[in-house]
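Just the heavy atoms: all of them, side chains too, but no hydrogens, waters or symmetry mates, feed the values below. Sequential numbering from 1 along the given sequence is applied to the chain's residues. Computed from a predicted structure; not experimentally measured.
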Amino acid sequence: MDSLKFKMGWLVVAFDLPVTEKEARKAYTDFRKFLLKDGFQMIQFSVYARPMVTHSRMQTHLRRVEKEIPPNGSVRAWYVTQAQWQRSLVIYGKPAKKQAPEDLPEQTLFW
């Protein structure tokens, strides 16, 4: 068994933020930019994921997300092990096409 699949994983963040007013749109944009700067990648609109090499690293990035949430936002976060992530599928188009999810970035494989 590959223990790397169970030690490493992904922190997934999904959010609903209001965008009805100019100030709210700016808060949405700032939060999205924060996620990208912090190493998250967009996997769908308002759903971002970041590879994690340890549970403590996940807690660090989760605290960062908590600090950046706009006042009227709703954010859901969960941790997915590498083994779970690899069993997921990306389904798109019509007729439906399937592909494997994103791999861990090369630099995380050094851990």
Side-chain angles (χ1 to χ4, degrees):
M1 174 170 46
D2 184 4
S3 64
L4 179 67
K5 290 181 180 181
F6 299 98
K7 291 180 183 174
M8 301 177 86
W10 294 78
L11 177 60
V12 180
V13 174
F15 57 90
D16 288 322
L17 302 176
V19 292
T20 54
E21 299 173 7
K22 185 176 181 177
E23 188 176 299
R25 284 191 299 276
K26 180 171 181 357
Y28 168 89
T29 301
D30 290 345
F31 184 67
R32 184 182 177 285
K33 285 180 181 178
F34 155 75
L35 290 173
L36 293 171
K37 186 177 177 184
D38 199 43
F40 285 82
Q41 59 190 50
M42 185 175 81
I43 57 174
Q44 283 189 233
F45 293 122
S46 299
V47 180
Y48 289 71
R50 187 185 195 288
M52 299 288 160
V53 294
T54 64
H55 187 72
S56 64
R57 177 65 68 192
M58 186 269 303
Q59 291 173 324
T60 297
H61 288 278
L62 188 54
R63 280 192 300 273
R64 290 180 186 173
V65 168
E66 289 171 352
K67 286 182 186 176
E68 296 294 324
I69 295 172
N72 295 322
S74 172
V75 176
R76 183 170 298 228
W78 61 95
Y79 184 74
V80 179
T81 67
Q82 181 62 12
Q84 292 167 321
W85 185 266
Q86 287 176 330
R87 288 193 306 263
S88 69
L89 291 172
V90 178
I91 304 169
Y92 63 95
K94 198 158 191 97
K97 298 177 187 111
K98 297 177 184 177
Q99 69 183 41
E102 298 80 1
D103 285 331
L104 285 170
E106 256 184 65
Q107 69 264 25
T108 61
L109 298 178
F110 293 124
W111 292 92

A.B. asks: Supply the atom-to-atom distance Thr81 OG1 to Met8 CE, rounded to the nearest 0.5 angstrom.
C.D. replies: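 Here the interatomic distance stands at 12.0 Å.
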A.B. asks: Please check if Ile69 and Phe45 belong to a single hydrophobic cluster, counting links between Ile, Leu, Val, Met, Phe, Trp and Tyr side chain heavy atoms closer than 4.5 Å.
C.D. replies: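 Yes, because Ile69 and Phe45 connect within a single hydrophobic cluster, where side-chain heavy atoms sit under 4.5 Å apart.
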A.B. asks: Would Gln82 and Trp10 count as a side chain to side chain contact (heavy atoms under 4.5 Å, CB included) if you check the C-alpha gap in whole Å, the side-chain angles of each, and the deciding distance to 0.1 Å?
C.D. replies: CA-CA 7 Å; Gln82 181 62 12; Trp10 294 78; 2.9 Å; yes
A.B. asks: A quick test of your reading: do over 12 heavy atoms of other residues, nucleotides or ligands sit less than 6.0 Å from OH of Tyr92?
C.D. replies: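 Buried by this count: over 12 neighbours within 6.0 Å.
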A.B. asks: Identify whether Val90 and Val47 are in the same connected component of the hydrophobic contact network (ILVMFWY, side-chain heavy atoms under 4.5 Å).
C.D. replies: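 No, Val90 does not connect to Val47 through the hydrophobic network.
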A.B. asks: Mind jotting down which residue pairs meet the salt bridge (Lys or Arg N to Asp or Glu O under 4.0 Å) criterion with at least one end in residues 66-75? Sequence neighbours excluded, please.
C.D. replies: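 Qualifying pairs: none.
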A.B. asks: When rounded to the nearest 0.5 angstrom, what is the spacing between CD1 in Ile91 and NZ in Lys97?
C.D. replies: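 Interatomic distance, Ile91 CD1 to Lys97 NZ, rounded to 0.5 Å: 13.0 Å.
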A.B. asks: Check this for me: Gln44, atom CD, are more than 12 non-hydrogen atoms of other residues, nucleotides or ligands nearer than 6.0 Å?
C.D. replies: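 It does not: Gln44 CD has 12 such atoms or fewer within range.
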A.B. asks: For a quick test of your reading: what N or O donor-acceptor pairs under 3.5 Å do the side chains of residues 32-40 make, sequence neighbours left out?
C.D. replies:
unit_1 : atom_1 : unit_2 : atom_2 : d
Arg32  : NE     : Tyr48  : OH     : 2.8
Asp38  : OD1    : His61  : ND1    : 3.4
Asp38  : OD1    : Arg64  : NH1    : 2.7
Asp38  : OD2    : His61  : ND1    : 2.7

A.B. asks: Side chains of Leu62 and Gln59, heavy atoms from C-beta outward: is any pair under 4.5 Å?
C.D. replies: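 Sidechains of Gln59 and Leu62: no contact.
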A.B. asks: Identify each donor-acceptor pair in which a side-chain atom of residues 13-27 lies under 3.5 Å from a protein atom, sequence neighbours left out, and give them as a table.
C.D. replies:
unit_1 : atom_1 : unit_2 : atom_2 : d
Arg25  : NH1    : Val19  : O      : 3.3
Lys26  : NZ     : Asp30  : OD1    : 3.4
Lys26  : NZ     : Asp30  : OD2    : 2.9

A.B. asks: At what distance, to the nearest 0.5 angstrom, does CE of Met58 lie from CG of Leu11?
C.D. replies: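 Met58 CE to Leu11 CG: 6.5 Å, rounded to 0.5 Å.
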A.B. asks: Kindly say whether Gln84 contributes a backbone atom to a donor-acceptor pair with the side chain of Ser88 at under 3.5 angstrom?
C.D. replies: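 Answer holds: no.
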A.B. asks: Could you pull out the closest heavy-atom pair between Tyr79 and Gly9, with the gap in Å?
C.D. replies: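 The pair with the smallest heavy-atom distance is OH-N, 3.0 Å.
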